[in-house]
Structures are given as structure tokens and as C-alpha cells.
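Take a look at the structure below.
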Amino acid sequence: DANMNRLYVVESTPSSTGMKADHRLPVRAGDVEGIAYALMDSVNDHQAGGVIAGARLPHPPISAEYQRFVGIVAGDLAKRKGSSIVIAGDHQPPAAHALAHAINQILGNVGQTVFYADSVDANPMNRNQSLHSLVEDMRAGRVDLLLILGGNPAYDAPAELEFASALKSNAVNLKVFLGTHRNETAELCQWHVPEAHYLESWSDARAYDGTVSIIQPLIEPLYGGKSAHEIITILAGQSGFTGHDLVQSYWQKQHTGADFDAFWRKSLHDGWVAGTTYAPKNVALKASSFPVSQSAPGSGYEINFRRDPSIYDGRFSNNGWLQELPKPLTKLTWDNPIMIGPAMAERLKLNFKDVAELEFNGKKVKGAVWIQAGHPDNSITVFLGYGRTRAGRVGTGTGFDVYPLRTSQAPWFADGARLRPTGDIYQLASTQGYQTMETPVGERPLVQERSLEEYKKEPNFAKEGEPPA
């Protein structure tokens, strides 16, 4: 059908999107940026006279196989100007995102399939830099009161910060944690204030396009929990206000019309606040060149960090339903594996159930190996969210913790990992083969069949191979 769409995917870890692609190219994460540069050049070559000055951008070299793939993609995109889109994944470096924006600009997709609007982040900042500054102040004794509103930095902060060590020290006089669960961070604070569940709280939020929704609770807090809004208000010296009072008071100031009650009821009824969607912005490409990432391929294997498909970054690890939920492709439950491709497994003489030691940045962890078809060679994928020490009855102790390997300099991928077999065995639970009727060669089949003519000749065939009574 000429009207059907076509999906090309270049990825470093097998995904559900990649499995749905018409054409999929598995590559190491470090090669994606070079492919994006090559695609930029190739798309630009298809334009009459070129669109970007100095179109031959310097970029990391890519293989002939990747270049052929890029040429085919660029040709397809050139035929679909204004009705195509190029998207860079969350795990890609800034240069790859900039290139995706530039390619969409060249193809005339802006205003057609791509729209830009103001950021929904109320206070844009470099969060890594802010967190580093906080830990420095904590260690230097410059923090008298540390209030942690949710989250679990003692578990998932970048490894080089050693946040748990800084929090455990006596350099901070008073540490207060607001949270729904007693986790690794709450354990190191003097006070743990019970946080109201989001279904017990009033709040508001913006969608990606700026549309505001008023968040209504389903029930009153069961255990006297407080929302972050209420805690901040108390610290500001204004006690006695409920979450409902605070949210409604804010929108009374924002509403410029006469009948606030009607506006409030309509916003709650509709699920969003009318007129809050950001208007699309007109943007244009400014730069004709983009900086190449400074990270050069190093020795060892590439390591990829990914949030777990079921328990995300670990916040849902105490949810038994999510632990039981089979993950896409692997159908694994209750564990996170060290995922590698078949060729790499063969070279390292690793198989399913084998335990391997993974080393990166001088830190070592052990986990069970999972061999995944479609995974790039010389690359490893590990999943965050496991190895919790204080998650709850369900989540504590499941899987292995890879956060000690993850730094702010390489939050999603890096070179230099090492992997070696340990000789140990660990049985991973996968529903992939559950209820299959395959039997090993030489054993009696679970189901036996014959044609009618064969049955007439040998009516007792089904008893063949049965064990003696």
C-alpha cells in the first residue's frame, strides 16, 4: 500500500519499537552519532543546491554497511518532505539531538510533523551540576537542614557523588525525608515525614505541550500524609492550609475572569485548564556545524544503562504485580540480566544461566547472562532499578544493583567495560517457554499423532514410550 508509513530504527539495545520497524539496524551506542552526521550529509545532498552551507560535516567514521543504510533512509526521507520525522532517543548525546532537529528543518517537517514550544520546566538548570554542588556543601558542613522531597538519591545518584556516604555523615545537622516508603534515603535521615500518595493529594501539572491539569485526589490521606506543597508552606510559616486550599488559591491569582467558581468547576470537570496550551514557536536552524562528542572509543566493551521496562528506575520495585510482569522481548520476571548478543556470548563461552562479573570504572557487579538476538556485538546492556536493600518485603534483594557503575559523565553508555565468566549458575525466570510442548530429542513427545489409516493399523500407538506403571 503506497499510503502506508515506513519505520526505520537505529538502536543499541533491542526494543519493542525496533521490533516493529520495517528496517532495523543494531549498532553500538557510540556509533549512533556518526550515523546521525552521515544522515545529515546524505539528506542535504538530496536537496537542490544544498541547504546547509559546508554540508560535508566532519563526523566519526562509519562502516560501509551503515553508510548504505543511511543512503537508503535519506532517499526515502527526501521523497517525503513535510510528511516525515527524525527522532533522537532519550539516551543520545546533545549532538545527535541537534542533528535530528537540523534534519527535520532541512526536510521541511517543522510546522508539519514537528512543532516547538516553550519548555514546561519551570526552572531549567544543569541538574547534575546542582547535585554535585549540594554534595560538596554537605561534606563541607555548609548545610544545616536538608529536606529531601521524594526520590531516593542514596540509591540512584551518580556513583562518583557517593551521596549515601555524604548523607550518612554528621556534617549535615538535620536531615528530613518526605516519602511514601521507607527506602535507602529515608533510612539515613533523622526524620521521615509520611508523604500523601498522589491519589490522596491536590496538585497541578503541565503536559508536554504546556496544557495544565488540576490533579484531584480520590480519597483523603489514609495515614495523615502530607504533600510537598503542604510541607513547603509549613516551612514558609503558613500552617493550616490544605493541598486544596493551596492549589485553588494559586489558580485564583492566575484566573483573570470574573466567575472563578465556574472556571474552577469547568477545569476539574474537563481535566485541563483551558487556554494553557503553549502556542507553537517559529524556529530556524542557526548553526551549520555541530560539535562532535569528545568521547573516543576505548578498550573493553561498550556498556548501556537502561531503565527497567517494569520497575523503571527502582521506584516500583516493591510492586509484586510489576515484578511478575514479563518484560518485552526477554519475557523475564523478577530479575535484571546482563544482556549481550549471540556472537559475543560465543566468544566468551557464556550461555543462559551463567553468572558473569561486569567491571566498569573500577567497580564490579555480578549478574546472570541473557543472550538476546538483535543485540549489537561487543556491547552490553544492563537495567537499573534492582539490587535494592530497603525497598520492602517484595522488592528488597531482587536482582543486582548497577547504579554503582553509572556516573554523571556517562549516564547512558560508555566504553571500557569488561566481562568475564565466574563459573557460577543462576536460573533466570522467563515466561518465554512457559507451557510450550517441546521435548528433548529422544524423549517421548507429549502429543502423538497419526493419520486415520495409521491408527487403524496401530490403534495403541499412543502408548508407545510410556514409562512402566
Side-chain angles (χ1 to χ4, degrees), residues 1-47 51-52 55-57 59-93 95-110 112-114 290 293 297 302 304 306 309 327-331 339-345 370-381 412-413 432:
D1 186 346
N3 294 320
M4 291 183 67
N5 59 18
R6 181 172 293 171
L7 175 63
Y8 293 92
V9 171
V10 178
E11 62 182 3
S12 55
T13 297
S15 69
S16 299
T17 303
M19 296 303 106
K20 288 289 187 181
D22 298 285
H23 305 280
R24 175 182 179 270
L25 181 66
V27 303
R28 286 163 49 99
D31 294 332
V32 173
E33 185 177 319
I35 291 173
Y37 270 103
L39 181 61
M40 171 84 163
D41 280 341
S42 190
V43 167
N44 200 47
D45 287 345
H46 281 81
Q47 313 306 307
V51 174
I52 304 293
R56 284 291 153 198
L57 301 176
H59 58 72
I62 62 174
S63 68
E65 176 194 359
Y66 295 171
Q67 190 65 58
R68 284 194 299 272
F69 185 90
V70 165
I72 294 171
V73 175
D76 250 3
L77 289 172
K79 297 174 186 176
R80 304 290 187 275
K81 297 177 184 177
S83 61
S84 56
I85 187 169
V86 177
I87 302 174
D90 290 343
H91 311 110
Q92 297 308 315
H97 282 267
L99 288 163
H101 292 306
I103 294 170
N104 284 317
Q105 181 84 33
I106 294 172
L107 294 170
N109 293 334
V110 177
Q112 301 296 322
T113 60
V114 178
F290 303 91
S293 294
E302 181 182 80
N304 294 271
R306 294 292 182 267
K327 306 180 197 306
L329 307 182
T330 66
K331 302 302 180 184
M339 183 183 289
I340 58 177
M344 181 174 169
W370 183 267
I371 304 169
Q372 181 62 49
H375 196 285
D377 196 16
N378 294 319
S379 182
I380 302 165
T381 298
W412 299 118
F413 66 90
Q432 184 67 50

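Every heavy atom of this structure was used, including side-chain atoms; hydrogens, water molecules and symmetry mates were not.
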Taking C-beta and beyond as the side chain, do [X] and [Y] meet within less than 4.5 Å on heavy atoms?
| X | Y | answer |
| --- | --- | --- |
| Glu65 | Leu25 | yes |
| Ile62 | Asp31 | no |
| Leu99 | Val86 | no |
| Arg306 | His91 | yes |
| Leu77 | Leu39 | yes |
| Met40 | Ile106 | yes |
| Thr113 | Ser84 | no |
| His97 | Gln92 | yes |

> Ignoring hydrogens and geometry, is there a side-chain-to-backbone donor-acceptor pair from Glu302 to Ala29 under 3.5 Å?
Replying inline: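 Between the backbone of Ala29 and the side chain of Glu302 there is a qualifying donor-acceptor contact (under 3.5 Å).
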On a heavy-atom basis, which atom in [X] and which in [Y] lie closest, and how many Å separate them?
| X | Y | value |
| --- | --- | --- |
| Pro14 | Met19 | CB-CE, 4.3 Å |
| Tyr37 | Ala95 | OH-CB, 4.2 Å |
| Ala21 | Val9 | CB-CG2, 3.6 Å |
| Ala74 | Ser42 | CB-OG, 3.1 Å |

> Please, which pairs that meet salt bridge (Lys or Arg N to Asp or Glu O under 4.0 Å) have at least one residue in residues 5-17, sequence neighbours excluded?
Replying inline: Arg6-Asp76, Glu11-Arg24
Could you measure the distance from the [atom1] atom of [X] to the [atom2] atom of [Y]? Nearest 0.5 Å is fine.
| X | Y | atom1 | atom2 | value |
| --- | --- | --- | --- | --- |
| Ile380 | Met339 | CD1 | CE | 12.0 Å |
| Thr13 | Trp412 | OG1 | CH2 | 11.0 Å |
| Ile87 | His101 | CD1 | NE2 | 10.5 Å |
| Ile371 | Met344 | CD1 | CE | 10.5 Å |
| Asp22 | Asn5 | CG | CG | 7.0 Å |
| Arg68 | Ser63 | CZ | OG | 7.5 Å |

>> Check the orientation of Tyr8 and Phe69. Use parallel for under 30°, tilted for 30 to 60°, and perpendicular for over 60°.
In response: perpendicular
> Picking from Ser12, Ser379, Pro93, what satisfies side-chain contact (heavy atoms from CB on, under 4.5 Å) with Phe413?
Replying inline: Pro93
